[in-house]
> 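First the structure, which I've put down as structure tokens, then a few questions once you've had a look.
Nothing here was measured: the structure is a model prediction, and the numbers come from that model. Nothing fancy with the numbering, it's 1 onward along the sequence.
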Amino acid sequence: MAYNEELLARPEGFTTHPKLERNLLARRAAVGPGGGIDWAHAESLAFASLLAEGTPIRLTGQDAERGTFSQRHLVLHDAVTGSRFVPLHAVKEARASFAVYNSPLSEAAVLGFEYGYSGQSENTLILWEAQFGDFANAGQVIIDQFISAARAKWRQHPWMVLLLPHGYEGQGPEHSSGRLERFLQLAGGDNLRVANCTTAAQYFHLLRLQVALRDVDARPLVLMTPKSLLRHPLASSRLTDLAEGSFQSVIDDETARTNSDEVTRLILCTGKVYVDVVSNSARPEASRVAVVRVEQLYPFPGTELQAIMAGYPNLREIIWLQEEPKNMGAWSFMAPRLRDLIGRDPSIDYIGRPDRASPAEGSPNVHQLEQARIVAEAFSGLQGPPPPPARSQGVKQHAR
């Protein structure tokens, strides 16, 4: 891919730190057969393609240039002279500007500025990144009063992107949750787009979709972004996934689909916990469990979920699985909508942490125990005879 090679080119005499250069040059192999394009790599390719199509891009956030998890490196510094080089400025086909800024720990001020900027530069893709998802707490007034209510209160149509690193990694309550539940509570009247992707390709396509919908369905995108998945093999994608694929609001379990008549339990989840579940060594090889990813939470993908559920005729139970406490995460949002979608049959249950006042445990050991319990429950209670013949009653028709 031409964009990839341009992003790996360096000015004559520019000296990148050898350790960093090795990591970046690995992106050349990642686009080849069998390679794996990680999250930040997909982001750079999405940015390059949008610049070539004429969309200006502006990214701000704490340590946004390098990336909080040292994964992005949009700005390189010469190891000898200290001079700066931005590879995205060297994309030959670019027909628009690219800007990235490290911002101070003053989320309300920065987020408010970016919201105002979006109103004055309506064609610019504006992204604001919290260093950790919970840092959005300090910008909550801007989110509540302006971003989520832009259409209803201010007759504005911002389509800025909020990137909130989210996922339970045992780092304690202050670095675990992007408060997904708050954004789902704010969602109404087609005011937001809320997503929690599991692969680099999904992120690539979602960024491009945000631009593609600018003139027909402009709304802010709130994206729970990963931490441990930034370089996880199960979250990486092939070049064909980027070049030929598209964003999927719901992703079916292709392994379970091959024996769909045997599936009795459908697990729905979103984000990083999916990888915890499917990589669990306790998962039976021939399980009667299908694990389906809900990549877009709002607008609620009822039609897509309905189609997937209809493909498992012997379902006995549908489970919403999350790593957040029960009074947080997406459960309170998903439960009533799932019940409206399917009625009383099959049952809808919850697996996750109990109600809590704090987003996560403060002890890594306690976190690991809880996380292991949640993942183990996904496959518990499956012993017994094969499922009965397919029921005649299907998933009821969903009225959007």
Side-chain angles (χ1 to χ4, degrees), residues 166-168 180-181 183-184 187 193-199 202 223-224 226 229 234-235 247-257 259-260 262-280 283-284 287-353 371 373-382 387 394-396 398 400:
H166 176 87
Y168 282 53
L180 173 61
E181 65 279 358
F183 294 97
L184 294 176
R193 188 171 290 111
V194 182
N196 194 6
C197 300
T198 54
T199 70
Q202 284 283 90
L223 182 58
M224 301 290 129
L229 296 194
L234 290 180
F247 178 71
Q248 302 175 70
S249 57
V250 183
I251 301 178
D252 199 358
D253 187 335
E254 294 301 325
T255 301
R257 180 60 69 186
N259 298 292
S260 58
E262 300 178 10
V263 172
T264 60
R265 176 181 294 179
L266 176 65
I267 290 180
L268 301 175
C269 59
T270 187
K272 166 251 174 187
V273 72
Y274 164 79
V275 173
D276 292 343
V277 171
V278 298
S279 60
N280 179 22
R283 184 184 187 185
S287 170
R288 297 204 298 272
V289 177
V291 184
V292 172
R293 289 167 275 176
V294 182
E295 303 276 292
Q296 176 183 288
L297 295 151
Y298 187 83
F300 177 68
T303 301
E304 294 84 351
L305 282 168
Q306 183 184 52
I308 287 175
M309 292 175 187
Y312 297 104
N314 291 310
L315 285 181
R316 294 172 180 168
E317 55 182 339
I318 295 173
I319 289 175
W320 179 260
L321 184 145
Q322 66 181 38
E323 52 189 358
E324 301 91 345
K326 191 173 185 180
N327 57 322
M328 303 177 195
W331 165 245
S332 296
F333 175 84
M334 293 295 295
R337 288 164 177 80
L338 289 173
R339 291 192 180 101
D340 288 344
L341 188 66
I342 67 171
R344 296 182 178 179
D345 182 28
S347 65
I348 300 174
D349 298 303
Y350 166 85
I351 293 178
R353 287 171 168 78
Q371 200 77 358
R373 175 190 65 79
I374 291 168
V375 173
E377 282 190 29
F379 305 106
S380 64
L382 290 172
V395 176
K396 75 174 186 178
H398 174 57
R400 291 187 67 85

> Does the T264 side chain pair with the main chain of R316, one donor and one acceptor, at a distance under 3.5 Å?
no
> I'd like to know whether L338 forms a side-chain contact (heavy atoms from CB on, under 4.5 Å) with L305, so could you lay out the CA-CA distance, the side-chain angles of the two residues, the decisive distance to 0.1 Å, and finally the verdict.
CA-CA 9 Å; L338 289 173; L305 282 168; 4.2 Å; yes
> Got a donor-acceptor contact below 3.5 angstrom from the E295 side chain to the T198 backbone?
yes
> Does some side-chain heavy atom of N314 sit less than 4.5 Å from a side-chain heavy atom of V263?
no
> How far apart are the closest heavy atoms of V289 and A256, and which atoms are they?
O-CB, 4.0 Å
> Parallel, tilted or perpendicular: which one describes the rings of W331 and Y350, with boundaries at 30° and 60°?
tilted
> Are any of the side-chain nitrogens in E262 or R288 under 4.0 Å away from the carboxylate oxygens of its partner?
no
> Does the pair Q202 and F247 meet the rule for a side-chain contact (heavy atoms from CB on, under 4.5 Å), with working shown?
CA-CA 6 Å; Q202 284 283 90; F247 178 71; 3.4 Å; yes
> Shortest non-hydrogen contact from A378 to R265?
O-NH1, 2.9 Å
> Is a side-chain N or O of D252 found less than 3.5 angstrom from the main chain of E254, in a donor-acceptor match?
no
> Keeping R353 on the side-chain end and E323 on the backbone end, is there a donor-acceptor pair under 3.5 Å?
yes
> Give the C-alpha distance, both sets of side-chain angles, the deciding distance and a yes or no for side chain to side chain donor-acceptor pair (under 3.5 Å) between Q322 and T270.
CA-CA 7 Å; Q322 66 181 38; T270 187; over 6 Å; no
> What's the verdict on side-chain contact (heavy atoms from CB on, under 4.5 Å) for L268 and M309, showing C-alpha distance, side-chain angles and the deciding distance?
CA-CA 10 Å; L268 301 175; M309 292 175 187; 4.1 Å; yes
> Provide the closest heavy-atom pair for R257 versus G311 in the form atom of the first, atom of the second, distance.
NH1-O, 2.8 Å
> Compare every heavy atom of I251 with every heavy atom of I308, then report the nearest pair and how far apart it is.
CD1-C, 4.5 Å
> Are Y274 and L234 close enough that some pair of their side-chain heavy atoms sits under 4.5 Å apart?
no
> Heavy atoms only: give me the nearest F333-L297 pair and the separation to one decimal.
CE2-O, 3.2 Å
> Where the side chain of R293 meets the backbone of N196, is there a donor-acceptor pair that is under 3.5 Å apart?
no
> So V273 and Y168, side-chain contact (heavy atoms from CB on, under 4.5 Å) or not? Walk me through it.
CA-CA 8 Å; V273 72; Y168 282 53; over 6 Å; no
> Donor-acceptor pair, K272 side chain versus H166 backbone, under 3.5 Å?
no
